[in-house]
There are 2 protein chains.
Amino acid sequence: MFEIVEWKNNTVVMIDQRILPAKEVYLVLKDYNAVAKAIKDMVVRGAPAIGVSAAMGFALGALKAKQKDKKAFLRELKKVSKVLGATRPTAVNLFWALERMNGVVEANADLSVDALKERLVQEAKTIHKEDIEINRSIGKNGGKLLKKNWTVLTHCNAGALATAGYGTALGVIRGANEAGKNVSVFADETRPFMQGTRLTAWELKKDKIDVTLITDNMAGHMMSKGLIDAVVVGSDRIASNGDIANKIGTYMVAVLAKEHKIPFYVAAPLSTIDMNIKDGTEIPIEERDIKEVTHFGGKRVAPTGINVLNPAFDVTPNRYVSGIITEKGVVTRPYRAGIKKLFSK
Amino acid sequence: MFEIVEWKNNTVVMIDQRILPAKEVYLVLKDYNAVAKAIKDMVVRGAPAIGVSAAMGFALGALKAKQKDKKAFLRELKKVSKVLGATRPTAVNLFWALERMNGVVEANADLSVDALKERLVQEAKTIHKEDIEINRSIGKNGGKLLKKNWTVLTHCNAGALATAGYGTALGVIRGANEAGKNVSVFADETRPFMQGTRLTAWELKKDKIDVTLITDNMAGHMMSKGLIDAVVVGSDRIASNGDIANKIGTYMVAVLAKEHKIPFYVAAPLSTIDMNIKDGTEIPIEERDIKEVTHFGGKRVAPTGINVLNPAFDVTPNRYVSGIITEKGVVTRPYRAGIKKLFSK
């Protein structure tokens, strides 16, 4: 089908998600700075895909480091980690992946520089491979929640393109359909970056899953017409109490789902859960360039001289969430206890 | 400032709202078919402005009619009325204006063809003039509902550009600010046609009213942050029970307002109220070209081969409405009785 992010001939290869679906272009990134820039500029996006990319960026930084001396090499790795960690603040998978790579460095203090380089490249490849397996488990666990012939609304793209492959929210759709449930999808276009229009519609069509594109502001109307049976979205960071940060507009969908008594599910791997924070108020929300809102295809749409806001994410309090679908099972209320249990399994 | 639709040298002159704010271009329409096309293509939009334009189109059709014989002239007027009435189905002001013009024809059966032409041109000019006066009354009545330094969210453009001038929802903002209330505005961009970005932001900036542009899916987030004190929107058709048809996404804003205990007001002239229908389920919802959703600036954004929906309006049930602001006062629950009373005054 297509690869989202791949380790290939000692480079990191990414499909450029900014220009999909018009063109399918793969970028070959030859150093960690290029990977950091690709994450920041949203060549790659989606919390799990950002995590995998950060791990590969770390491995690339290690591999291409010129330092022969171990101490100097470790200093270089600290720099690599810092640069990659400064790309995007909200998706915790980025920090999770860097922590895991740094953990490998610490756990292998006795290895030579060359052996450590090899070990880090191996770890990045493992994270990539595990991510796909995790998504298949999420798909299996979440697929059971959907009934035959249901139509599911999703927001943004929590699909194959947001992960190493298969997807989280769209993994749940795939899981349901692999179990013969014939689930259709309504995709919010997801302003301002249009991940729904450009990415979700594109990958579902490639997979021959029935998809209907709507603007974000149509979601309530479609629910009121009885056209939506459930909502499934991904997440960029889940607080230890089950509050959910996800693409801007997710909160709106959650409120609408509650009003229409439609279940609202969140699909995410354990690496998206941040046990270090008490609730959603502690999740940093990235503000992006206002040009994403005022311009379209490089052309200005809005008048000059006005105020513009562009938060990339919002927080949905746990009271709106019907269930969090993970690779280790589905967590329901009370979330704090349920999430704690996930990590003790 | 600028004229939205104007009778000038026996033509109808309209500002082309499709290309605002990039260019301020005025189209000179020389026959009723051109006016009908302008309404259909959204050169002019907004329920009251559509009503005024339809009246002027009718007058232009009459004025340019070549029939000398009265009977043949009346047949031509029927055709003019039919063509103008087939342009857009949702805004009832269109039909209200045509009915008023046809009423003039019926009430002046004794006039000659030339005298009737003159009378109809006069009526169209009167409708134009009255619309501005009505909006000023709406602004005065609604302005009282807003408190000092409030921030009001609005959806789409129910401003000067949606009327003959001054606006309905934005008329309420203007009314409040003329009373010294220093009200600021958050404008939803309003996909897919971007009336918020292109029109509301533009006309508020021209008027030096503080305006902040957001994408539609940010409205909930902004409310949850306590940044919105009230919602004021316009309407394209109000049923006799107070159900409200307005630009797609209005229903979503109403649900969000309810969830955050923020008042949700609708500002509209009596000509927007359709006493012939029982409730909102009877309001026809226009489906527009899906290219509005799949393309941007003539360029395709979405992949081909997917389903797309593009309803231009939605219906907000009266239970979400805190008040309907008209030129004759503010109506609150119970709406059916309150609306009936409006027409008996």
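Sequence lines set the chain letters: A, B, ... in the order given, protein chains first and strands last, and positions in each chain run from 1. Worth knowing before you read on, the calculation uses all heavy atoms, side chains too, and leaves out hydrogens, waters and symmetry mates. Bear in mind that the values here come from a model prediction, so they are computed numbers and not experimental data.
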Side-chain donor/acceptor of [X] to backbone N/O of [Y], under 3.5 Å:
X	Y	result
A/R319	A/D243	no
A/D16	A/V25	no
B/T90	B/E286	yes
A/N217	B/R191	yes
A/Y335	A/G323	yes

Can you list the steps and then say if A/Q195 with A/R45 is a side chain to side chain donor-acceptor pair (under 3.5 Å)?
CA-CA 10 Å; A/Q195 291 94 335; A/R45 26 65 53 201; over 6 Å; no

Given heavy-atom pairs under 4.5 angstrom as the criterion, report whether the side chain, backbone, both or neither of [X] touches chain A.
X	answer
B/T316	neither
B/A302	both
B/K299	neither
B/N310	both
B/M252	both
B/M223	neither

Most contacts with chain B, counted as non-hydrogen pairs under 4.5 angstrom, among [options]:
options	answer
A/F296, A/Y251, A/F313	A/F296
A/D314, A/V315, A/L309, A/V308	A/L309
A/V211, A/I214, A/D216, A/L20	A/V211
A/M194, A/H260, A/K247	A/H260
A/E292, A/E259, A/M222	A/E259

Criterion side chain to side chain donor-acceptor pair (under 3.5 Å) against A/H155, the qualifying member of A/T250, A/N246, A/T200, A/D188
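Exactly one candidate clears the test, A/D188.
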
Non-hydrogen atoms of chain B under 4.5 Å away: do they reach the side chain of A/K258, the backbone, both or neither?
side chain

Contact class of A/A22 relative to chain B, heavy atoms under 4.5 angstrom:
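Contact with chain B is absent: no heavy atom of A/A22 under 4.5 Å.
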
Interface residue of largest heavy-atom contact number with chain A, from B/P303, B/A219, B/G249, under 4.5 Å
B/P303

Heavy-atom pairs under 4.5 Å with chain A are the metric here; pick the option from B/T294, B/T197, B/T190 that has the most.
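Most heavy-atom pairs within the cutoff with chain A belong to B/T197.
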
Among side-chain atoms of B/N157 and B/Q17, is any donor-acceptor pair under 3.5 angstrom?
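There is no such pair (donor and acceptor under 3.5 Å, judged by atom type) between the side chains of B/N157 and B/Q17.
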
In terms of side-chain heavy atoms, does A/N182 have a donor or acceptor partner in A/N177 at a distance below 3.5 Å?
no

Single hit among A/V152, A/T151, A/D229 for side chain to side chain contact (heavy atoms under 4.5 Å, CB included) with A/L146
A/V152

